[in-house]
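Here is the structure we will look at, set down as structure tokens.
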Amino acid sequence: MRARLAGWAFLVPLVAYLLVCYAYPLFTNVDLSIRGYTVRSFVHGGAPLVGFANYAVVFGDPTFRTALLNTVLFTLVSLFFQYTIGLAAALFFARGFRLSATLRALFLVPWLLPLIVSASTWAWLLNSESGLVNAALKVVGLGPVNWLTSPEWSLVSVTIANIWIGIPFNLVVLYSGLQNIPREVYEASSLDGASGWQTFWHVTFPLLRPVSAITLLLGLVYTLKVFDVIWIMTKGGPSGSSTTLATWSYELGFGNMLPRFGPSAAVGNVLILIAVIAGLLYIRVQRRQELA
Amino acid sequence: MRSWRTPVGVLLTAVMLFPVYWMVNVSLTPLSDMRKAPSLIPVHPTTEGYERVLREQVPYLGTSLLVALGTVVLTLALAAPAAYSLAKLRPAGRRALGFVLLVAQMIPGIIMALGFYGIYVKLGVTNTVWGLVLADSTIAVPFAVLILTSFMASVPDEVLQAARIDGAGPWRSFVSIVLPASRNGVVTAALFSFLWAWSDFLFAATLDSGGRLQPLTLGIYRYIGNNNQEWNSIMATAVVASVPATVLIVVAQRYVAAGVTSGAVKD
């Protein structure tokens, strides 16, 4: 009995914290989304209930389609390249060679840098007039590309930067997954005369499936959240061409002199719905693996 | 046997880290060269960017340090006792709490930022350092509880039983046995909460953009936002902002790797 009380006593601060710092902001967000807030009523209270009006505004806005499509494209393309490049690098490092541990650690740097640092570095690399990328294109005779300021390229540019940031995470997780595959499996495979490629497709890749699933699902949850990179590089522009749900929500609430908190919260709640579905999928997969 | 993998590995790492090199290169380039064709090495290296950082960004740096350290303290104070309870005292309902923590990690920052903003405006506490610390801690607390729980779970129950027979209460066992034994977990949780708070831009931009004390991420953002072309100052600030991450890679890489893989891969 005493032990049980102690167990709860040690948890009380955390539970109180979760209520104040998670449940309350989330509740505030829902409340914002169903009321007609103005700047005045935001400070002084008394905003009228408007039900789903904010959601109707959001769904009726042509930006919603763009933002949803961009979110899907940004997420899927990022995940694909982060995973394939990360896996290739993990396989490369799995053998272990002189300096491999040091180089692997250095690979982590992009992931640990503050996002504002990575994003502004990429913004300068891709700058139309003075960026290195356009200078390099000029050397091989290609015209300058307006990476960040043209609607055709802005989403591509922020996706490239985001892939770069995500590769290290994929590398580290997949690498440790590879380390957990018993060495005998490879020995058996090579005794059977399998080539390197065959071993990868028929042995390594299937054995790595659980870790791959977790990596991709965690990547999905992280990528849906991405805000800093896009906001700092393009502010979601030009004219909404690189807007995602996350940046649109921020833009509605904080991007203008005239904030629209209701629609901003409504977009946020749509995003959270998507994120939580992805999250539940992740938890399901993880639970299943724990049982296996 | 010398492997071909070493030179290839060095080359791959160089390609991967090229943007980081470029940041340093630009930070040392004089403004007069900024409009010319970019040069791969700083031909006329200058410290003017860094001098400007010293003149203008020191208060921002101090705030970032304060916020990051505050977040570490708050995060550990909340997470360590809770992890001890989940790992060793095992009260009823701990599975549900673990589930809540997993879901909490998945909530997009923009939603938390808007929620916190609504609350802070109502209470009149926007633009405060402690308000930012409280918001920043939400990035780290669920992660810290989960990773500390897995570290503390590996402390053998027999040791705790022996302590109990010797008359140690749960608090004594926590402070003098479990906490020291899970030192690595504490370090990992502290490292990541420091790094995340140090790097935070979203909470700073929404909750502290009018504050007297603002973090370095806002300092960089203002440089970019002023639409000036003084990219050597911007990149010099970025280099300074990267120092903690670089130090961690050099002195604490095994903790970092442990943090990245925790939750994703079970050993």
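Naming: A, B, ... by sequence-line order, numbering from 1 per chain.
Looking only at distances, no side-chain donor or acceptor of A/Tyr222 sits under 3.5 Å from a matching main-chain atom of B/Met106. Between the B/Ser242 side chain and the A/Leu113 main chain, no donor and acceptor come within less than 3.5 Å of each other. Side-chain atoms of B/Arg5 do not come within 3.5 Å of backbone N or O of A/Gly96 as any donor-acceptor pair.
Neither the backbone nor the side chain of B/Pro244 comes within contact range of chain A; no heavy atom of the residue lies under 4.5 Å from a heavy atom of that chain. Looking at B/Met16, both its backbone and its side chain come within 4.5 Å of chain A, counting heavy atoms on both sides.
Put simply, the side chain of A/Tyr22 does not reach to within 4.5 Å of the side chain of B/Val141, judged on heavy atoms. Contact of the A/Phe261 side chain with the B/Val121 side chain is not registered, since no non-hydrogen atoms from C-beta on lie closer than 4.5 Å. Put simply, the side chain of A/Leu224 does not reach to within 4.5 Å of the side chain of B/Pro108, judged on heavy atoms.
Here B/Leu12 is the residue among B/Val145, B/Thr237, B/Leu12 with the most heavy-atom pairs under 4.5 Å with chain A. The residue among A/Ile232, A/Asn269, A/Leu132 with the most heavy atom pairs within less than 4.5 Å of chain B is A/Leu132.
With values rounded to the nearest 0.5 angstrom, B/Phe201 atom CZ is found 8.5 Å from A/Trp231 atom CH2. The structure places OG1 of A/Thr121 at 11.5 Å from CG of B/Asn25, a figure rounded to the nearest 0.5 Å. Distance check: B/Leu114 CG to A/Thr28 OG1 gives 9.0 Å after rounding to the nearest 0.5 Å.
Between B/Pro91 and A/Leu11, the shortest heavy-atom distance links the atoms CG-CD1, 3.7 Å. Scanning both residues, B/Ser85 and A/Phe10, for their nearest heavy atoms gives CB-CB, 3.6 Å. Heavy atoms only, all atoms of each residue included: B/Ala241 and A/Val117 are closest at CB-CG2, 3.8 Å. Closest approach of A/Tyr17 and B/Thr138 over heavy atoms only: OH-N, 3.1 Å.
Checked against the 6.0 Å centroid criterion, the rings of B/Tyr117 and A/Phe254 qualify as a close aromatic pair.
Using a 3.5 Å distance cut-off with no hydrogens or angles, the side chains of A/Ser120 and B/Tyr221 do not pair a donor with an acceptor.
Other residues, nucleotides and ligands place no more than 12 heavy atoms under 6.0 Å from the CZ atom of A/Phe27.
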